[in-house]
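Okay, structure first, notes after.
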Amino acid sequence: MLARQSPHAKSRDTIAATLLAWYDRHRRKLPWRALPGSMPDPYAVWLSEVMLQQTTVPAVKPYYEQFLALWPRVHDLAAAPVDDVMKAWAGLGYYSRARNLHACAKAVVEQHAGLFPADESALRALPGIGPYTAAAIAAIAFGRRAVVVDGNVERVVARLFAIDTPMPAAKTAIRARTDDITPDERAGDFAQAMMDLGATLCTPKNPACALCPLTASCLARQSGEQERYPVKAAKVARPHRTGAIFYLRRADGHVLVRRRPPKGLLGGMLEFPGSEWRSDFSQSDASAHAPVKGKWQRIAGTVEHVFTHFSLALTVYRGVLPTGAATPETGQWIEEHMLDSAGLPSVMQKVLVHARGK
DNA sequence: TAATCGTGGAT
DNA sequence: TATCCAAGATT
């Protein structure tokens, strides 16, 4: 570690010591955090870290509690049917995380005797654990020295050192500077301190520099340009797509749903049958995508939903299956009153509400 | 490397 | 209302 013997060593120690002292006073109390001085359960750390990927703390909390209640140990989660895990994850988004979570639990049980490995490289080899999560678990759950870089750390470090390179090209330099300031002891607390700092003071907009323990060391602050960092490339416009979707009710009160393919958008989740979602979809072709021939009632208005890389407007059609009509090959029938607890993704929950009307 | 992959709260 | 963006991983 030549870099860690550099003349910046004093600055490194000062920043780490100052930040850890601040953390000891101002750390957030979160359900997955152990009491100060005690080591947390690696299973709990892993579960929380996966849930927190691109997801806010308030959104994660109820899911975290529910998962721990349903599956208190990694063995319990590994033994659960994957569809039960998908159902419990419904509404949290990025559903490949749920599938990988289950695969990871099984791998830990089958390949690691039910104990999470402490090595960053071994963690990195598990499903759903990338560079950030591997480093976070190694540091937080096992006390290893690891360089933990998430979005908060990127922002804090880009400001501390006034890194002008636009993202994502700046990631290399940010990682190197984070390595420089990461201490040998309490690396887990240091990582959480950086994230707490980014979440509560060094925020994207209107950072509270007056309260920041690192303000004296911050190059961005010294130039008064703290909000300019991290520099980001111009973003592309979000395309708009449309489609048709069908709420088919059977005479006995069951509704037709189907499960999406395991990979891709909403992978493995339940949906109502419908057309593909395209920029050039024509509503006049809607009936061609209906699950059965027959009379469809177009419900006024549309269901609007925004995904990360496109926005969507769905026109909803309602129909009743004629007596004696052929049942569609694909899909399954669910009792109408069970739909609310079936674990629908949010966009399908919106369709359900829209189809039911007022 | 650059897309892809959800959702809801904040501004 | 539009945009941002939150403890990223995968391909």
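A, B, ... follow the sequence lines: proteins, then strands. Residue 1 opens every chain. Below, all heavy atoms of this structure are taken into account, side chains as well, without hydrogens, waters or symmetry copies.
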When the [atom1] atoms of [N] and [M] are considered, how many whole Å apart are they?
{"N": "B:dG9", "M": "C:dA9", "atom1": "P", "value": "25 Å"}
{"N": "B:dT1", "M": "C:dT10", "atom1": "C1'", "value": "13 Å"}
{"N": "C:dC5", "M": "B:dG6", "atom1": "C1'", "value": "13 Å"}
{"N": "C:dA6", "M": "B:dC5", "atom1": "C1'", "value": "14 Å"}

**Request:** Please say whether the positively charged group of A:Arg238, taken as NZ for Lys or CZ for Arg, lies over the ring of A:Phe310, i.e. under 6.0 angstrom from the six-membered ring centre and within 45 degrees of the axis.
**Result:** no
**Request:** Give, ordered by number, those residues of residues 67-97 of chain A having at least one heavy-atom distance below 4.0 Å to an atom of DNA chain B; if nothing qualifies, reply none.
**Result:** A:Gly91, A:Leu92, A:Gly93, A:Tyr94, A:Tyr95
**Prompt:** Quick check, are the ring centers of A:His289 and A:Phe281 under 6.0 angstrom apart?
**Reply:** yes
**Asked** How about A:Thr133 and A:Glu49: does a side-chain donor come under 3.5 Å of a side-chain acceptor?
**Response** no
State plainly whether one hydrophobic cluster holds both [X] and [Y], where clusters connect Ile, Leu, Val, Met, Phe, Trp and Tyr through side-chain heavy atoms under 4.5 angstrom apart.
{"X": "A:Leu256", "Y": "A:Phe272", "result": "no"}
{"X": "A:Leu248", "Y": "A:Val255", "result": "no"}
{"X": "A:Leu321", "Y": "A:Met338", "result": "no"}
{"X": "A:Leu197", "Y": "A:Tyr229", "result": "no"}

**Message:** Ignoring hydrogens and geometry beyond distance, is the side chain of A:Thr56 in donor-acceptor contact with the base of B:dG9 at under 3.5 Å?
**Reply:** no
Does a side-chain N or O of [X] approach OP1 or OP2 of [N] to a distance below 4.0 Å, or not?
{"X": "A:Arg28", "N": "C:dA7", "value": "no"}
{"X": "A:Ser346", "N": "B:dG8", "value": "yes"}
{"X": "A:His305", "N": "B:dT7", "value": "yes"}
{"X": "A:Lys232", "N": "C:dC5", "value": "yes"}
{"X": "A:Arg124", "N": "C:dT10", "value": "yes"}
{"X": "A:Thr133", "N": "C:dA9", "value": "yes"}
{"X": "A:Gln54", "N": "C:dG8", "value": "yes"}
{"X": "A:His309", "N": "B:dC5", "value": "yes"}

Can you measure [X] atom [atom1] to [N] atom [atom2] for me and round it to whole angstrom units?
{"X": "A:Gln53", "N": "C:dA7", "atom1": "CD", "atom2": "P", "answer": "12 Å"}
{"X": "A:Arg99", "N": "C:dA9", "atom1": "CZ", "atom2": "C1'", "answer": "15 Å"}
{"X": "A:Asn206", "N": "C:dC5", "atom1": "CG", "atom2": "P", "answer": "12 Å"}
{"X": "A:Phe310", "N": "C:dA2", "atom1": "CZ", "atom2": "C1'", "answer": "18 Å"}
{"X": "A:Arg238", "N": "B:dC5", "atom1": "CZ", "atom2": "C1'", "answer": "13 Å"}
{"X": "A:Lys350", "N": "B:dG6", "atom1": "NZ", "atom2": "P", "answer": "14 Å"}
{"X": "A:Met195", "N": "C:dA7", "atom1": "CE", "atom2": "P", "answer": "9 Å"}
{"X": "A:Phe307", "N": "C:dA2", "atom1": "CZ", "atom2": "C1'", "answer": "18 Å"}

**Item:** Given DNA chain C, 5'-ward residue of the pair A:Lys263 and A:Ala199, judged by closest heavy atom
**Value:** A:Ala199
**Request:** With DNA chain C as reference, determine whether A:Ala134 or A:Lys205 sits nearer its 5' end, using the nearest nucleotide of each.
**Result:** A:Lys205
Touch check for [X], heavy atoms < 4.0 angstrom, all strands: base, sugar-phosphate only, or nothing?
{"X": "A:Gly198", "answer": "nothing"}
{"X": "A:Val306", "answer": "base"}
{"X": "A:Arg155", "answer": "sugar-phosphate"}
{"X": "A:Pro168", "answer": "nothing"}
{"X": "A:Ile137", "answer": "nothing"}
{"X": "A:Pro345", "answer": "sugar-phosphate"}

**Item:** For A:Asp196, the option from A:Arg25, A:Arg28, A:Arg27 that meets salt bridge (charged side-chain N to carboxylate O under 4.0 Å, His left out)
**Value:** A:Arg28
**Item:** Test applied, ring-ring contact (aromatic ring centres under 6.0 Å, His included); reference residue, A:Phe67; option that passes from A:Tyr43, A:Trp32, A:Trp46, A:Trp89
**Value:** A:Trp89
**Asked** Side chain of A:Lys235: nearest nucleotide among C:dC4, B:dG6, C:dA7?
**Response** C:dC4
**Message:** If you only use heavy atoms from C-beta on, which nucleotide in C:dA7, B:dG6, B:dT7 is closest to the side chain of A:Glu49?
**Reply:** C:dA7
**Message:** Check this for me: does any side-chain nitrogen of one of A:Lys87 and A:Asp84 sit under 4.0 Å from a carboxylate oxygen of the other?
**Reply:** no
